[in-house]
There are 2 protein chains.
Amino acid sequence: MATLKRISVQKTRLADEIYEQLLIAIGAGDIAPNERLVQERLANELQVSRTPVREALLRLEQEGVLETSGRSGFVIRQISNAEVREIYQARIAIEGFAARLVTERNDKAVYEQLRNLVLQQESIKRVDISAYFEANRTIHRAIVEKANNRFLLEQFDSIWNRSNSFRMFAKIDDVDLDKSLGDHIPLIDAMASGNGHDAFEAMRDHIEGGLTLQMDAILNS
Amino acid sequence: MATLKRISVQKTRLADEIYEQLLIAIGAGDIAPNERLVQERLANELQVSRTPVREALLRLEQEGVLETSGRSGFVIRQISNAEVREIYQARIAIEGFAARLVTERNDKAVYEQLRNLVLQQESIKRVDISAYFEANRTIHRAIVEKANNRFLLEQFDSIWNRSNSFRMFAKIDDVDLDKSLGDHIPLIDAMASGNGHDAFEAMRDHIEGGLTLQMDAILNS
DNA sequence: TTCAGGAATACTGTATACAGTATACAACGT
DNA sequence: ACGTTGTATACTGTATACAGTATTCCTGAA
């Protein structure tokens, strides 16, 4: 008998779907910063019981997206300015080293794929902040993916999920975001130059540029 | 009226305690690699209900320590050789950059504190692998702590928890572990020399030395 | 002995029930 | 109006109940 493919079993837990939905809702700003996420209310809205809702909320709490507000439910965790700086710094550690690893692979095909992706993402219509955010995330994630290290990728996702919930770019002017998004080709070029250290420093400069924009926007708002 | 201290509220969830216990038990090797962790059995042993046990297991699954084994409970997730390499590589990203940050702070007092800690940890009686592991973890964690970045520290913990559950050093000879533990003072010296890049590379060399020991041990066993 | 088939079971995932405590509210006195 | 006290409520955390499916075990035929 021919070996048959296992039919997709969708061994999916409700908790996972709820987790995803909440993350998206938070990123889209559909949940107000002070809104209380109450298990029973969410369960009613989603037409499930409290159990999977609770599991999703606990996971988001664990990941630093939500925090428990005593006996009044969960709330989106607010990030201080100091934490914003630390997030960008941690990104340098991960994405900078990923850029170095990619460079040390020295595979021309990889650079071409990255360049194509950047061009494609830069050309999308950016109607809102979320679109900017996703384009940026897609580009940076692709670089980390090319480093072939699932732990670096995991940590990338972990840190970006938090930025997502903070709606990191919400305060930056469109014109600056546009400029920042256009900064990616030089980054790939630096990687393609072949020196791992230069690649790291290029990523570092790029991310620090983003941090500067972010902090200026916060201070001017 | 005198201001009274808030009595310790211990707003602790059972799930958190169970999580800690399981992590310790796994690290100590008290749970066999193929042992099935069944919710109801654990609940009976711990004299609690399935709910907090399940929450702890789900968290450990999420963190990559356990994996679900279909309808036969949870099992310790085995790590492939490729993943071992990736773990060490991710450590270079995080701990290397942390070393650079510490060096760029250029605070003499910090180096002294680190040196004292290293001397203290190197002198402990090492009765078993776990003691080695913890001494090593303590030293490296202290360095990351000095970088003053809670996200780097979080990622450090995340990755070391996995190593712990993998019983990372279990196969390495005592004599090699001894030598490796003695390698930390030169590392601090390199940081104290004041150049951030050198600090990064020193940490990189140090961690890659550990990787070599690890891989040799695996291949010879 | 080995394999197929089917019943029993073991375990998960989800729903519901219960207990306890912080929070909100209302009533009262000042 | 304002604060204080008692009471109701809302919400969490934990326990238990239920449903469904993979896994195991047993039986019997080849």
Side-chain angles (χ1 to χ4, degrees), chain A residues 1-22 25-26 31-77, chain B residues 1 3-22 26 31-77:
Chain A
M1 180 181 136
T3 28
L4 297 177
K5 270 278 176 62
R6 179 181 178 80
I7 51 176
S8 76
V9 195
Q10 296 285 38
K11 212 193 88 57
T12 180
R13 291 176 188 135
L14 285 178
D16 294 336
E17 291 177 44
I18 297 168
Y19 167 86
E20 297 289 348
Q21 278 201 46
L22 285 173
I26 292 169
I31 296 174
N34 56 348
E35 184 172 343
R36 289 175 169 188
L37 297 174
V38 172
Q39 298 173 6
E40 201 147 11
R41 183 173 60 76
L42 289 174
N44 285 338
E45 285 177 18
L46 296 166
Q47 297 287 329
V48 297
S49 80
R50 256 182 66 206
T51 307
V53 171
R54 173 176 169 79
E55 285 172 5
L57 291 173
L58 286 176
R59 182 168 161 201
L60 287 164
E61 181 196 30
Q62 178 55 32
E63 292 175 358
V65 175
L66 299 180
E67 67 185 356
T68 172
S69 171
R71 214 151 285 262
S72 2
F74 290 76
V75 192
I76 296 179
R77 184 163 179 287
Chain B
M1 180 184 138
T3 29
L4 298 177
K5 270 277 177 64
R6 178 181 178 80
I7 51 177
S8 75
V9 194
Q10 296 285 40
K11 212 192 88 61
T12 182
R13 292 177 186 133
L14 284 178
D16 293 337
E17 291 176 44
I18 298 169
Y19 168 84
E20 298 289 350
Q21 279 201 47
L22 284 173
I26 293 169
I31 296 175
N34 57 350
E35 185 172 342
R36 289 174 169 187
L37 297 174
V38 173
Q39 298 174 6
E40 201 148 10
R41 182 174 59 76
L42 290 173
N44 286 337
E45 284 178 18
L46 296 166
Q47 296 289 326
V48 296
S49 80
R50 256 182 66 205
T51 308
V53 170
R54 174 177 170 79
E55 285 172 6
L57 291 173
L58 285 176
R59 182 168 161 201
L60 287 165
E61 182 197 29
Q62 178 55 33
E63 292 176 358
V65 173
L66 299 180
E67 66 185 356
T68 171
S69 171
R71 214 150 286 262
S72 355
F74 289 77
V75 192
I76 296 179
R77 185 163 178 286

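Keep in mind the model is a prediction, meaning the values are calculated, not measured. Below, chain A is the first sequence line, B the second, and so on; all start at residue 1.
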Peer 1: Does B:Arg41 make a side-chain N or O approach to OP1 or OP2 of C:dT12 shorter than 4.0 Å?
Peer 2: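 Checking B:Arg41 against C:dT12: no side-chain N or O falls below 4.0 Å of OP1 or OP2.
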Peer 1: Working note: B:Leu57 + B:Leu42, criterion side-chain contact (heavy atoms from CB on, under 4.5 Å); need CA distance, chi angles, decisive distance, verdict.
Peer 2: CA-CA 10 Å; B:Leu57 291 173; B:Leu42 290 173; 4.2 Å; yes
Peer 1: Rounded off to whole Å, could you give me the CD1-to-C1' distance for the A:Ile18 and C:dA15 pair?
Peer 2: 12 Å
Peer 1: From CD of A:Gln39 over to C1' of D:dT14, roughly how many Å is that when rounded to an integer?
Peer 2: 12 Å
Peer 1: Does atom CD of A:Glu63 have more than 12 heavy-atom neighbours, drawn from other residues, nucleotides or ligands, at distances under 6.0 Å?
Peer 2: yes
Peer 1: Once you round to the nearest 0.5 Å, how far does CD of B:Glu40 lie from CD of B:Glu45?
Peer 2: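 Reported value, rounded in 0.5 Å steps: 12.0 Å.
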Peer 1: For DNA chain D, find the residues of residues 47-63 of chain B with a heavy-atom distance under 4.0 Å and give them by number; none if there aren't any.
Peer 2: B:Val48, B:Ser49, B:Arg50, B:Thr51, B:Pro52
Peer 1: Does A:Glu55 pair with A:Arg13 as a salt bridge, N-O distance under 4.0 Å?
Peer 2: no
Peer 1: Taking all non-hydrogen atoms of both residues, which atom of A:Gln39 and which atom of A:Val53 are closest, and how far apart?
Peer 2: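 Answer, listing the atom of A:Gln39 first, then A:Val53: O-CG1, 3.8 Å.
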Peer 1: Rounded to the nearest angstrom, tell me the gap between atom CG in A:Asp16 and atom P in C:dT12.
Peer 2: 16 Å
Peer 1: Atom CZ of A:Arg13 and atom C1' of C:dA15: how far apart are they, to the nearest Å?
Peer 2: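 From A:Arg13 CZ to C:dA15 C1': 17 Å.
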Peer 1: Rounded to whole angstroms, how far apart are CD on B:Glu17 and P on D:dG13?
Peer 2: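 My rounded result for the distance is 14 Å.
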Peer 1: Less than 4.5 Å apart, any side-chain heavy atom of A:Thr68 and any of A:Glu61?
Peer 2: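 With C-beta onward as the side chain, the pair touches.
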Peer 1: Could you run down the sub-3.5 Å N/O contacts of the protein with nucleotides 19-21 of chain D?
Peer 2:
unit_1	atom_1	unit_2	atom_2	d
D:dG20	N2	B:Arg71	NH1	2.4

Peer 1: Tell me which of B:Arg36 and A:Ser72 sits closer to the 5' end of DNA chain C, going by the nucleotide each one is nearest to.
Peer 2: B:Arg36
Peer 1: In whole angstroms, how far is the P atom of D:dT12 from the CD atom of A:Glu40?
Peer 2: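 Atom CD in A:Glu40 sits about 8 Å away from atom P in D:dT12.
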Peer 1: Once rounded to the nearest 0.5 Å, what's the spacing between atom OG of B:Ser49 and atom CG of B:Asn44?
Peer 2: 10.5 Å
Peer 1: Out of B:Ile18, B:Ile76, B:Leu22, which residue meets the side-chain contact (heavy atoms from CB on, under 4.5 Å) rule with B:Leu60?
Peer 2: B:Leu22
Peer 1: If I take atom CG in residue B:Leu42 and atom P in nucleotide C:dT12, what distance separates them, rounded to the nearest angstrom?
Peer 2: 9 Å
Peer 1: State whether the side chain of B:Arg41 and the backbone N or O of B:Arg36 hold a donor-acceptor pair below 3.5 Å, judged by distance alone.
Peer 2: yes
